[in-house]
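Heads up: the structure comes next, in C-alpha cells.
The chains referred to below are lettered A, B, ... by the order of the sequence lines, with proteins before strands, and numbering in each begins at 1. The model shown is predicted, which means the values in this text are computed figures rather than measured ones.
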There are 2 protein chains.
Amino acid sequence: MPFNSTIPPLAVKRMTEYLAHARELCRNGEEWVSSSGLAETLGLTSSTVRQDLSHVEFSGTSKRGYSTAGLVQVLTSALGADRQWRSIVMGVGNLGRALAQHREFERQGFDICGVFDDDCRKVGTHVGELMVQPTTELKTFVSENQIKIGILAVPATAAQEAANELVEAGITGLLNLSITHIATPRDIAVVDARIVASLLELSYAIKALEE
Amino acid sequence: MPFNSTIPPLAVKRMTEYLAHARELCRNGEEWVSSSGLAETLGLTSSTVRQDLSHVEFSGTSKRGYSTAGLVQVLTSALGADRQWRSIVMGVGNLGRALAQHREFERQGFDICGVFDDDCRKVGTHVGELMVQPTTELKTFVSENQIKIGILAVPATAAQEAANELVEAGITGLLNLSITHIATPRDIAVVDARIVASLLELSYAIKALEE
DNA sequence: TAGATTGTTAATCGATTAACAATC
DNA sequence: TAGATTGTTAATCGATTAACAATC
C-alpha cells in the first residue's frame with residue numbers, strides 16, 4: 001500500500017474510468033460494486049481493478065465489494081478533482097468556444113474563468129458569459145485569478161508559442177488540444193487530449209477488424 | 001519484421017505522434033529525421049522509435065535517418081488514413097457543432113458528411129453546410145452514404161443509446177467524446193477521446209508536481 | 001576512411017494476471 | 001456456516017531500453 005507515492009500512469013488513466021462509472025452507479029442508486037463488476041463493464045480483469053485500487057487509501061468489504069459513494073469520494077480526491085481548478089481557454093475557434101461552454105468541465109471541478117485570443121475581431125466578443133481578452137492581458141489575469149490550467153485550443157501552427165505564453169504567465173498545467181507536441185519546462189504538466197490522434201487510432205482499429 | 005500483423009496499441013499511439021511530427025518537419029522543408037531526433041522532440045528513447053518503426057515496411061538510411069516524406073506516407077497508410085473515412089456526428093451541442101466544423105478532421109482524412117440530433121428545435125438548422133437530421137434518418141443515411149465512423153457528442157446519459165443506434169445503423173467505428181464507457185459488439189471499434197479524463201489526469205499530474 | 005545511424009537481439013523493467021489466504 | 005469477495009504475493013506477460021554488428 002504505497003500511499004502518497006505516485007500512482008502508475010496507466011492506473012491513473014483507469015481511475016478516471018472507475019470514477020466515471022462509480023458516479024453513474026451512485027446516480028442510479030447502486031450502493032455497491034465489486035471488482036469483477038467494474039472489470040466487466042470496463043473490459044478489464046478484476047485483478048487489475050483491485051491492484052489499481054490498492055494505490056488508494058480505501059478498503060472494500062468482503063462479500064459486497066466497494067461502496068460506490070466511497071469510490072467516488074476517494075477517487076475524486078486521489079485525482080485531485082476534489083477542488084476547483086481555475087482554468088482558461090487559449091484560442092476562440094470552434095473548439096475553444098465549445099470547450100469554454102462545455103458544462104461537464106465545471107461539473108468535474110474545472111472552472112473556466114477566462115478566454116483569450118489574439119484575433120482583434122474576436123477580442124471583446126462574448127463566449128457565454130466570458131469576454132474574449134487579448135493575450136497581452138494573460139499574465140495579469142493568471143496571477144490575479146490564480147489560474148492553474150491553460151486549455152490550448154489554437155491552431156497547430158500557433159500551439160507552441162501560445163504554450164510559451166501560458167507558461168510565462170504562470171500556469172502550471174496545460175491541456176493540449178492540438179496535434180502538435182508541446183515542449184515545456186519540467187515543472188509544467190502537459191496532457192494531450194488527442195482528439196485527432198484518437199480518430200487515427202480508430203482508423204487503424206477499423207482496418208484491423210476488416211482483416 | 002512482422003508486417004501485416006497487428007501493431008502493439010502503444011506503438012499505434014506513438015505512430016500518430018511520429019506522423020504529426022513528420023508532417024510538420026516536411027512542411028518546414030526538413031528532408032530527414034533521425035530516430036534520436038524524433039525521440040528527443042517526443043520525449044522517448046531512440047530505441048523505442050526504431051522498434052516502433054520496425055512494425056512498418058519502411059527503411060531508414062544509415063547516417064541520415066528517415067525520410068520525412070517517406071514517414072508521412074508510410075505512417076498515414078499504416079494507420080489507415082490514406083483514404084477518406086466518411087463520418088457523422090451524433091449530438092449537436094457545443095462540442096458536436098465544433099467538431100463538425102473542425103477543419104483538421106477533413107485534412108486528416110475524416111470527412112464529416114452528416115450531423116444528427118433528436119432535439120426537434122435543432123433538426124433542420126444548419127451546422128456549416130450540413131443540415132441537422134433526426135435520428136430516424138440515421139439508418140438510411142449511413143447505408144446510402146457508406147458512413148463508417150460515428151462521432152458521439154451527446155450528453156453522457158444519452159451516450160449508450162446513441163451508440164446502439166449508430167451500431168444498428170451499420171457504422172463500424174465509434175469515437176466516444178462522452179465520459180461514459182460504451183459497450184458495443186466485438187466487431188465494432190470504439191476509441192474514447194477522453195477530454196474530461198485528460199483534465200483529470202492533468203489534475204493528478206499537477207498535484208504530483210506540487211509535492 | 002571514419003563516423004553516424006539503422007535494425008535487431010537480448011536484457012531489463014514494469015504492468016497484468018493468477019492464485020489463494022483472510023475476511024465478513 | 002458456506003460462499004463471495006477482498007487484498008496481496010508471486011508468476012507471467014509485454015513493453016522499453018541497452019548494446020552492437022551492419023551499413024552507407
Heavy atoms from C-beta onward define the side chain here; which of C/dT16, C/dT6, D/dG7 lies closest to that of A/Arg14? C/dT16

Without decimals, in angstroms, what is the distance between A/His55 NE2 and D/dT6 C1'? 16 Å

May I ask you to decide whether A/Arg107 forms a salt bridge with A/Glu104, counting only side-chain N to carboxylate O separations under 4.0 Å? yes

Dot-bracket encoding per residue of DNA chain C, Watson-Crick/G-U cut-off under 3.5 Å, | denoting interstrand: ..||||||||||||||||||||||

Could you check A/Asp82 against A/Thr76 for side chain to side chain donor-acceptor pair (under 3.5 Å), going step by step and ending with a plain yes or no? CA-CA 6 Å; A/Asp82 54 349; A/Thr76 303; over 6 Å; no

Looking at A/Glu31 and A/Arg64, is there a salt bridge between them, counting it only when a charged N and a carboxylate O are closer than 4.0 Å? no

What's the closest nucleotide to the side chain of A/Ser34 if the choices are C/dA4, C/dT16, D/dT5? D/dT5

Under a 3.5 Å distance rule, please check whether A/His21 uses its side chain to pair with a backbone N or O of A/Tyr18 as donor and acceptor. no

Answer yes or no: side-chain N or O of B/Ser62 and base N or O of D/dT23 forming a donor-acceptor pair under 3.5 Å. yes

Pull out every residue in residues 38-51 of chain A that has a heavy atom closer than 4.0 Å to any atom of DNA chain C, ordered by number, or say none. A/Thr45, A/Ser47, A/Thr48, A/Arg50, A/Gln51

Carboxylate-amine/guanidinium contact A/Arg103 A/Glu106, below 4.0 Å: yes

Salt-bridge contact A/Lys139-A/Glu165 (side-chain N to carboxylate O under 4.0 Å): no

From CZ of B/Arg64 across to C1' of C/dG7 the rounded distance in Å is 17 Å

In whole Å, what is the span from the CG atom of B/Leu10 to the P atom of D/dC13? 18 Å

Provide, to the nearest angstrom, the distance between the NZ atom belonging to B/Lys63 and the P atom belonging to D/dC24. 13 Å

Nucleotide C/dA15, atom C1' - distance to CG of A/Asp52 in whole Å: 10 Å

Parallel, tilted or perpendicular for A/Trp85 and A/Phe110, by the 30°/60° rule? parallel

Any donor-acceptor pair under 3.5 Å linking the side chain of B/Ser34 with the backbone of B/Gly37? yes

Can you find a pair of side-chain heavy atoms, one from B/Leu209 and one from A/Thr172, that are under 4.5 Å apart? no

Are A/Asp192 and A/Val190 side-chain neighbours, meaning at least one heavy-atom pair lies under 4.5 Å? yes

Positions of residues 18-32 of chain B (non-hydrogen atom under 4.0 Å from DNA chain D), listed by number: none

Within this structure, what is the CG-to-P distance between A/Leu53 and D/dG7, rounded to whole angstrom? 8 Å

Distance test, side-chain N/O of A/Ser35 to OP1/OP2 of D/dT6, below 4.0 Å: yes

Show the numbers, then the answer: is there a side chain to side chain contact (heavy atoms under 4.5 Å, CB included) between B/Val115 and B/Met90? CA-CA 6 Å; B/Val115 290; B/Met90 275 288 265; over 6 Å; no

